[in-house]
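Note that the numbering runs from 1 along the sequence shown for the chain. In this text the structure is predicted, and so the values were computed from the model without any measurement.
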Amino acid sequence: MTTPTEKNCPICKLDKQDVRVSDYGERLSLECARCGKFTITRTAAFMAKRKNLGQKLTAWIRERTESGAEVPEINSNTLDEVELALPNYKVSEKQLILLRAFEKQTRFPGQSLEVISRLDYPLAWAGSEEEFRYLLRSLMERNLIQRTDGSNDLSDSFVYKFEITATVSPGGRP
């Protein structure tokens, strides 16, 4: 039996997520605006918190969700496997990952896409909104993306519109 309720996401802590609770409260199924759609046991959520895996686990879930790949139920066994596979990306790698994520969301250079830093920072495996804005600014400075709804100042809004410039070659390589 599942019971719908409203709680914080056990991984990214985003508030007021629709959570379906089953197995006497042990299993949580969520569709988090930041992480994506996943199921996790309370034991695994506690383990992830204790191991400080929240940001990377959020990015892993979001990456799988965005690519259409299945996110397996996260329990204590799968959490250990995922933890071993979680990468440590360098800044330049995060920039390329973000550019590729934008490319997947658009059909052609010049098509506008909406970015909400509060929700979308896991797209770049960024650890925070501040790091995400840094990555966005660096891509703008390199003329790989441009803002279409205002100035290059990323402190003026919570929602931004960007487009990939024609400077990017096919395949997302700068």
Side-chain angles (χ1 to χ4, degrees), residues 8-17 30-38 40 44-45 47-72 74 78-79 81-106 109 111-165 167-169 171-174:
N8 291 353
C9 174
I11 302 299
C12 73
K13 307 302 181 214
L14 189 63
D15 58 347
K16 296 185 181 169
Q17 300 303 302
L30 297 95
E31 191 159 348
C32 175
R34 184 179 291 148
C35 297
K37 188 176 182 178
F38 68 100
I40 189 166
M47 289 171 60
K49 181 179 179 181
R50 191 186 62 202
K51 294 179 177 190
N52 200 25
L53 296 178
Q55 294 167 341
K56 285 187 174 185
L57 194 54
T58 293
W60 179 81
I61 295 167
R62 180 70 180 265
E63 182 178 76
R64 294 187 66 85
T65 299
E66 292 286 325
S67 69
E70 181 185 349
V71 179
I74 303 168
T78 56
L79 182 65
E81 293 171 17
V82 169
E83 180 183 12
L84 292 173
L86 290 173
N88 287 315
Y89 289 118
K90 298 175 187 167
V91 172
S92 60
E93 293 170 318
K94 290 179 180 184
Q95 291 172 346
L96 186 56
I97 289 167
L98 181 56
L99 195 56
R100 285 184 176 154
F102 286 175
E103 182 182 38
K104 286 178 187 174
Q105 294 178 17
T106 59
Q111 181 182 5
S112 187
L113 66 116
E114 195 171 271
V115 176
I116 303 170
S117 60
R118 178 176 179 257
L119 302 177
D120 292 331
Y121 69 84
L123 287 173
W125 288 74
S128 65
E129 292 178 62
E130 293 79 24
E131 182 184 4
F132 184 68
R133 284 192 292 269
Y134 168 82
L135 295 169
L136 289 170
R137 277 192 295 275
S138 66
L139 289 174
M140 286 189 302
E141 288 169 2
R142 294 170 57 200
N143 275 340
L144 298 173
I145 62 172
Q146 64 185 11
R147 189 161 174 203
T148 61
D149 66 340
S151 73
N152 287 347
D153 177 17
L154 297 179
S155 63
D156 68 343
S157 179
F158 295 105
V159 180
Y160 315 110
K161 289 191 179 182
F162 288 100
E163 64 183 22
I164 299 173
T165 65
T167 309
V168 178
S169 64
R173 290 258 174 212

Non-hydrogen atoms of [X] and [Y] that approach each other most closely:
X      : Y      : result
Leu113 : Val115 : CD1-CG2, 3.6 Å
Ser112 : Lys161 : OG-CB, 3.7 Å
Leu154 : Arg133 : O-CD, 3.4 Å
Leu123 : Leu98  : CB-CD1, 4.2 Å

Next on the checklist: Within the structure provided, determine whether Cys9 and Cys35 are in side-chain contact (heavy-atom separation under 4.5 Å).
Outcome noted: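 Heavy-atom side-chain distance check passes, below 4.5 Å.
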
Next on the checklist: In the structure I gave you, are the side-chain heavy atoms of Arg142 and Gln95 within less than 4.5 Å of one another anywhere?
Outcome noted: yes

Side-chain ([X]) to main-chain ([Y]) donor-acceptor, under 3.5 angstrom:
X      : Y      : value
Gln55  : Gly127 : yes
Ser117 : Glu129 : no
Tyr160 : Arg147 : no

Checklist entry - So, Trp125 and Glu63: side-chain donor and acceptor under 3.5 Å apart, yes or no? => result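 Glu63 and Trp125 do have a side-chain donor-acceptor pair below 3.5 Å.
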
To the nearest 0.5 Å, tell me how far [X] [atom1] sits from [Y] [atom2].
X      : Y      : atom1 : atom2 : answer
Leu144 : Leu136 : CG    : CG    : 12.0 Å
Ile145 : Phe162 : CD1   : CZ    : 4.5 Å
Cys12  : Arg118 : SG    : CZ    : 9.0 Å
Leu14  : Leu30  : CG    : CG    : 10.5 Å
Leu57  : Lys49  : CG    : NZ    : 14.5 Å
Glu130 : Tyr121 : CD    : OH    : 9.5 Å

Residues [X] and [Y] bridged, charged N to O under 4.0 Å:
X      : Y      : result
Asp15  : Lys13  : no
Glu141 : Arg137 : no
Glu66  : Lys104 : no
Asp120 : Arg62  : yes
Glu131 : Lys94  : yes
Lys90  : Glu93  : no

Checklist entry - Please walk me through it: do Arg64 and Glu70 pass salt bridge (charged side-chain N to carboxylate O under 4.0 Å, His left out)? => result CA-CA 7 Å; Arg64 294 187 66 85; Glu70 181 185 349; over 6 Å; no

Checklist entry - Which of these, Thr58, Val71, Thr65, sits in a side-chain contact (heavy atoms from CB on, under 4.5 Å) with Phe38? => result Val71

Next on the checklist: A quick test of your reading: do over 12 heavy atoms of other residues, nucleotides or ligands sit less than 6.0 Å from OH of Tyr89?
Outcome noted: yes

Item to check | Intermediate values then yes/no, salt bridge (charged side-chain N to carboxylate O under 4.0 Å, His left out), Arg100 and Glu103 | outcome: CA-CA 5 Å; Arg100 285 184 176 154; Glu103 182 182 38; 5.6 Å; no

Item to check | Intermediate values then yes/no, side-chain contact (heavy atoms from CB on, under 4.5 Å), Ile61 and Ile74 | outcome: CA-CA 10 Å; Ile61 295 167; Ile74 303 168; 3.7 Å; yes

Item to check | side-chain contact (heavy atoms from CB on, under 4.5 Å) between Leu53 and Ile11, intermediate numbers included | outcome: CA-CA 8 Å; Leu53 296 178; Ile11 302 299; over 6 Å; no

